[in-house]
Amino acid sequence: MAYWLIKSEPSSWSWSDQVKKKITHWDGVRNFQARNYLKQMKLGDLCFFYHSVVGKQIMGVVKVASSFKDDPTDSTGKFGMVDMEYVSPLENPVTLEQIKKTAQLQDLSLIKQSRLSVMPVTNAQWDCIIAMSK
DNA sequence: GCCAACGTTGGC
DNA sequence: GCCAACGTTGGC
């Protein structure tokens with residue numbers, strides 16, 4: 001099983017929206033690198049849900065609830081989406097500031113490629129962030 | 001609200 | 001196929 005981190009601006013789709021709705025289409029990705037990662041996702045893979053711009057912190061965990069499929073909001077047919085299902089909140093959100101200060105997390109794409117909206121997370125990085133949330 | 005970073009588009 | 005122009009993202 002793989003781990004990922006997905007970003008959303010709370011003004012368009014927030015963690016509390018996700019908690020309420022439980023399961024949602026993760027559509028609107030218009031970046032090839034992000035799309036390629038979406039494509040690699042497997043059913044049951046876990047993802048951190050990160051609030052960009054407002055909050056700048058990891059709020060909780062969701063899981064991949066469908067494999068890669070057509071994005072109905074994309075008329076070009078180049079992009080796609082998966083479904084994301086609510087799993088659990090973090091006990092305490094982990095902020096971008098904390099992540100930047102943590103030596104083991106310096107390779108996280110969140111830091112190196114701030115514009116990428118879907119990125120892989122290693123087992124070690126996952127465990128580290130979970131530990132920080134306790 | 002600004003601006004740096006960077007991905008995408010389109011003209012050549 | 002290159003690269004300048006442009007648009008968008010997201011941290012500050």
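Keep in mind that the numbers below use all heavy atoms, side chains included, and drop hydrogens, waters and symmetry copies. Reminder, nothing fancy here: chain letters follow the sequence lines and each chain counts from 1. All of these numbers come straight from a predicted model, not from anything done at the bench.
Scored by the side chain to side chain donor-acceptor pair (under 3.5 Å) test, Q57(A) finds no partners at all (sequence neighbours excluded). Residues passing the side chain to side chain contact (heavy atoms under 4.5 Å, CB included) test with S114(A): none are found, sequence neighbours excluded.
Residues Y37(A) and I111(A) share a hydrophobic cluster, clusters being chains of Ile/Leu/Val/Met/Phe/Trp/Tyr side chains in contact below 4.5 Å.
Following rounding to the nearest Å, L110(A) (CG) and dT9(C) (P) show an atom-to-atom distance of 16 Å. Put simply, NZ on K100(A) is 13 Å from P on dG10(C), counting in whole angstrom units. Put simply, CD on Q113(A) is 12 Å from P on dG10(C), counting in whole angstrom units. Computed from coordinates, the I6(A) CD1 to dG10(C) P distance equals 13 Å when rounded to whole Å. The NZ atom of K112(A) sits 18 Å away from the P atom of dG10(C) (whole-angstrom rounding).
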All N/O donor-acceptor pairs, side-chain side in residues 78-89 of chain A, below 3.5 Å, sequence neighbours left out:
from, atom 1, to, atom 2, distance (Å)
D83(A), OD1, H25(A), ND1, 2.7
D83(A), OD1, K69(A), NZ, 3.3
D83(A), OD2, K69(A), NZ, 2.9

Under 3.5 Å donor-acceptor pairs involving side-chain atoms of residues 45-54 of chain A, not counting sequence neighbours:
from, atom 1, to, atom 2, distance (Å)
D45(A), OD1, A2(A), N, 3.1
D45(A), OD2, W4(A), NE1, 3.1
D45(A), OD2, K42(A), N, 3.0
H51(A), NE2, W15(A), N, 2.9

*asked:* Strictly under 4.0 angstrom, non-hydrogen atoms only: write out the protein contact profile of nucleotides 3-8 of chain C, one letter per nucleotide from the 5' end, B, S or -.
replied: ----BB
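We find the OG-CG distance between S117(A) and L38(A) to be 7.5 Å, quoted to the nearest 0.5 Å. With rounding to the nearest 0.5 angstrom, the NZ atom of K20(A) is 11.5 Å from the NZ atom of K22(A). Of the inter-residue distances, the one linking S66(A) atom OG with I23(A) atom CD1 reads 7.5 Å to the nearest 0.5 angstrom.
Between K56(A) and the phosphate of dG10(C), there is no side-chain N or O to OP1/OP2 separation shorter than 4.0 Å. One finds a side-chain N or O of Y50(A) lying less than 4.0 angstrom from the OP1 or OP2 phosphate oxygen of dG11(C).
For the residue pair R30(A) and T73(A), a side-chain donor N or O sits within less than 3.5 Å of a side-chain acceptor on the partner.
Near DNA chain B, defined here as any heavy-atom distance below 4.0 Å, the residues from residues 28-35 of chain A are N31(A), F32(A), listed numerically.
Taking every side-chain heavy atom of K78(A) into account, dT9(B) is the closest of dT9(B), dC12(C), dG10(C).
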